[in-house]
Peer 1: 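Got a structure for you, questions after.
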Protein chains: 4
Amino acid sequence: MNDSRTRILDAAEALFAETGYEATSTARIALAADVPKGLVFHYFPQKMDVLLTLIDERTEIEEPCEEPLPPDPAGALRRLAARLPLRASPSMRRILFREADTHRTARDRLTALNRELVRRARRTLELTLPGARGDAARLEIAAATFATVLLYQENLFHLTGDRIDPDALADLLTQALT
Amino acid sequence: MNDSRTRILDAAEALFAETGYEATSTARIALAADVPKGLVFHYFPQKMDVLLTLIDERTEIEEPCEEPLPPDPAGALRRLAARLPLRASPSMRRILFREADTHRTARDRLTALNRELVRRARRTLELTLPGARGDAARLEIAAATFATVLLYQENLFHLTGDRIDPDALADLLTQALT
Amino acid sequence: MNDSRTRILDAAEALFAETGYEATSTARIALAADVPKGLVFHYFPQKMDVLLTLIDERTEIEEPCEEPLPPDPAGALRRLAARLPLRASPSMRRILFREADTHRTARDRLTALNRELVRRARRTLELTLPGARGDAARLEIAAATFATVLLYQENLFHLTGDRIDPDALADLLTQALT
Amino acid sequence: MNDSRTRILDAAEALFAETGYEATSTARIALAADVPKGLVFHYFPQKMDVLLTLIDERTEIEEPCEEPLPPDPAGALRRLAARLPLRASPSMRRILFREADTHRTARDRLTALNRELVRRARRTLELTLPGARGDAARLEIAAATFATVLLYQENLFHLTGDRIDPDALADLLTQALT
DNA sequence: AATGAATGAGCGTTCATTCAT
DNA sequence: AATGAATGAACGCTCATTCAT
């Protein structure tokens with residue numbers, strides 16, 4: 001069965017997140033996965049394929065679910081934060097951010113994610129704050145700010161040990177727009 | 001004179017920014033700097049010393065200058081954004097962000113920058129919005145958000161081509177707190 | 001049936017001829033033959049067995065046929081050239097020549113071919129030039145030369161695009177001996 | 001000094017001749033040369049460069065020396081055989097022949113050599129056998145035959161253990177043309 | 001007979017680092 | 001201070017071969 005393949009991906013995910021793609025050798029991956037070195041290349045002909053497969057199989061941007069929004073804007077934004085449309089472990093997020101700088105596939109995925117996040121935040125605000133629709137520019141800034149903070153949460157936490165509470169940020173931005 | 005040393009650092013800065021620290025060999029640095037391979041190790045006994053030296057000599061977090069603040073909060077925040085207290089070339093910024101994830105020195109420098117940014121934003125808001133001092137938590141969120149956006153702006157631009165206008169964000173956050 | 005076995009040998013023959021035995025992997029053979037990798041080793045327990053089998057089954061040195069010789073020596077030599085007693089495809093000939101340098105089996109086969117060629121040329125000359133039998137040494141040189149040219153013709157053509165016309169060579173050597 | 005480089009080339013020459021280029025690992029070369037593995041790549045960035053360098057530096061087609069020819073054609077051909085215009089050890093000749101089949105550089109060198117040999121043999125015969133100049137075709141065959149035998153001497157010897165005496169061949173061909 | 005996952009030795013190559021000069 | 005040959009560990013990857021099914 002695909003036990004070995006999964007173990008290789010698990011090990012790679014952990015090691016890439018911890019030390020980065022370049023600094024992680026295929027031998028270390030095999031060791032951590034407890035498989036022989038050659039097997040890594042049986043499943044992933046090139047080392048890069050391990051990274052691409054991780055991004056492909058372990059980050060997914062969810063379809064927007066169109067269930068009714070909470071009527072209040074802060075509540076709606078809070079729900080967006082809670083259901084960040086990126087199904088990916090913290091490890092995968094770090095990998096995505098780190099490798100986006102040098103690997104197109106990671107960059108493309110991250111770009112798409114950012115775009116989607118902004119789009120949803122904007123839409124949420126438009127629907128729940130009909131009065132603010134007049135000031136499109138302000139609304140856009142708020143959406144982009146919200147997306148940025150959500151996106152870089154993981155990185156920031158790694159830097160400072162602190163997180164910005166998305167709920168509090170949602171409240172703050174809502175207040176700014178009303 | 002120290003022409004060679006400077007050329008080595010210049011070359012390393014460009015290469016680290018472009019391909020990352022791990023993927024840049026000392027031989028390539030020497031080649032790009034047009035110095036013999038051995039000379040790199042004359043000035044920097046370990047490859048890591050090149051990175052440390054770059055961070056040490058080419059990124060600097062400015063001392064808080066205590067010149068009088070503009071009286072209005074939005075104006076004061078705007079000035080903070082315009083004078084991001086990080087003296088570093090675009091290349092050095094990319095290096096700092098990229099390597100912060102895996103190299104302590106870069107992380108420490110970036111952590112310090114973030115901390116300083118938050119501190120200044122908080123201080124600015126406290127001084128210009130005396131009425132808001134009562135709600136320390138909200139003020140903190142606003143400061144942290146402002147710092148985060150400033151910090152990751154460069155990254156985001158590299159990803160998406162869009163920037164969040166810091167002035168507009170300053171306005172938005174000010175409004176939220178009043 | 002033995003469809004797979006034949007396809008493996010066909011693929012190996014083409015690949016060995018094109019890239020050489022050493023530079024052809026069993027995996028490539030399996031791929032070209034459109035059979036699973038494991039099957040190659042089912043039929044040929046070692047990679048070398050593929051080469052040995054090819055030489056064994058696809059090169060054959062013909063038995064000397066003792067049909068009456070043309071009476072004139074040049075005509076007789078010409079017929080020998082026209083019926084080079086090696087039944088083998090162009091691919092197999094290239095394999096034989098190339099691998100003879102390093103693999104005993106190929107060398108043995110090629111040695112046998114050369115010996116047979118010399119033997120026939122000598123015999124032809126002896127029978128058709130009874131007067132020349134006195135000078136065995138010259139006759140031997142002529143026979144060996146004829147054999148060499150026939151043997152390396154293919155190689156030379158591959159190199160230079162030129163062929164030595166065996167008929168003309170037969171004429172020339174005959175004249176030298178009369 | 002270049003002691004190591006020479007030892008690497010010496011070792012490679014012997015091993016390539018014995019086992020062929022593909023079947024000779026760089027590790028074996030280093031071992032035989034008694035240098036560390038890494039040094040091979042210091043001098044020859046790619047394994048192929050070892051072969052190319054050998055061909056470049058250790059096979060040389062000499063300029064035709066225009067000293068007066070012996071007046072008799074057989075003597076002149078004999079001298080050509082004795083001074084085969086290829087300065088190359090027996091090892092290098094085997095390498096040249098073997099790798100010519102798959103490596104363009106070796107093929108080009110061998111082609112040039114063959115062409116030059118034929119040219120000289122033709123010229124020698126033309127000068128010493130003015131009467132034969134009328135029959136250019138026969139003269140060409142004789143020259144090509146002589147060149148072929150000289151070229152493949154080494155290979156033939158490896159196959160059969162026998163050599164064709166070039167002097168005797170020179171005599172034979174001369175006789176054929178007179 | 002047929003399959004493809006598994007194995008580990010070995011390959012060509014890279015590389016940070018050392019060191020004699 | 002400056003140089004480039006030397007070094008050997010480690011890298012990504014290939015490969016013939018095995019084996020359970």
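Just so it is clear: chains get the letters A, B, ... in the order the sequence lines come, proteins before strands, and each one is counted from 1. Only this structure's heavy atoms are used, side chains among them; waters, hydrogens and symmetry mates stay out.
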Peer 1: For E:dA2 and C:H42 - does any side-chain N or O of the residue sit under 4.0 Å from the phosphate oxygens OP1/OP2?
Peer 2: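 C:H42 to E:dA2 OP1/OP2: no side-chain N or O under 4.0 Å.
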Peer 1: With a cut-off of less than 4.0 Å, is there a side-chain N or O of B:Y43 near OP1 or OP2 of F:dA1?
Peer 2: no
Peer 1: Rounded to the nearest 0.5 Å, what separates atom CG in A:L151 from atom CG in A:N114?
Peer 2: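 The CG atom of A:L151 sits 5.0 Å away from the CG atom of A:N114.
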Peer 1: Measure the CG-OG1 distance between C:L54 and C:T105 for me, rounded to the nearest 0.5 Å.
Peer 2: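 Between C:L54 CG and C:T105 OG1, I get 11.5 Å after rounding to 0.5 Å.
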Peer 1: Tell me whether C:R98 contacts the main-chain N or O of D:R98 through its side chain, where contact means a donor paired with an acceptor under 3.5 Å.
Peer 2: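 Side chain of C:R98 to backbone of D:R98: a pair is present.
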Peer 1: On DNA chain F, check which nucleotide each of A:F44 and C:K47 is closest to and give me the residue with the more 5' one.
Peer 2: A:F44
Peer 1: What's the spacing between A:K47 NZ and A:E22 CD if we round to 0.5 Å?
Peer 2: 5.5 Å
Peer 1: Just how far is it from atom OH of A:Y21 to atom OG1 of A:T102, taken to the nearest 0.5 Å?
Peer 2: 9.5 Å
Peer 1: Tell me the interatomic distance from D:I8, atom CD1, to F:dT7, atom C1', rounded to whole angstroms.
Peer 2: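 From D:I8 CD1 to F:dT7 C1': 12 Å.
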Peer 1: Give me the ring orientation class for B:Y152 and B:F97: parallel if the planes are under 30° apart, tilted from 30 to 60°, perpendicular past 60°.
Peer 2: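 It falls in the tilted class, 30° to 60°.
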Peer 1: How far does OG of D:S4 sit from OH of D:Y43, to the nearest 0.5 angstrom?
Peer 2: 5.0 Å
Peer 1: Can you give the dot-bracket line for DNA chain E, where a pair is Watson-Crick or G-U wobble with both atom distances under 3.5 Å, crossing pairs use [ ], and | marks a partner on another strand?
Peer 2: .||||||||||||||||||||
Peer 1: Which of residues 14-37 of chain A have a heavy atom under 4.0 Å from DNA chain F?
Peer 2: A:T24, A:S25, A:T26, A:K37
Peer 1: Given 3.5 Å as the limit, does a donor-acceptor pair link the side chain of C:T111 with the main chain of D:T160, or not?
Peer 2: no
Peer 1: Give the minimum heavy-atom separation between D:T59 and D:R109, together with the two atoms involved.
Peer 2: O-NH1, 2.7 Å
Peer 1: Please state how far atom CG in D:L39 lies from atom C1' in E:dT18, giving the value in whole angstrom units.
Peer 2: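 From D:L39 CG to E:dT18 C1': 14 Å.
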Peer 1: Salt-bridge test for D:E18 and D:R28: reply yes if a basic N is under 4.0 Å from a carboxylate O, no otherwise.
Peer 2: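 Judged by the 4.0 Å cut-off on N to carboxylate O distance, D:E18 and D:R28 do not form a salt bridge.
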Peer 1: Atom pairs under 3.5 Å, N or O on each side, protein against nucleotides 19-21 of chain F: can you list them with distances?
Peer 2:
none

Peer 1: Which distance, rounded to the nearest 0.5 Å, do you find between the CG of D:D101 and the CD1 of C:I95?
Peer 2: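 Answer rounded to 0.5 Å: 10.0 Å.
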Peer 1: Check whether any side-chain N or O of D:Q46 sits under 4.0 Å from OP1 or OP2 of E:dT13, and answer yes or no.
Peer 2: yes
Peer 1: What integer distance in Å separates A:D3:CG from E:dA6:P?
Peer 2: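 After rounding, the reported distance stands at 9 Å.
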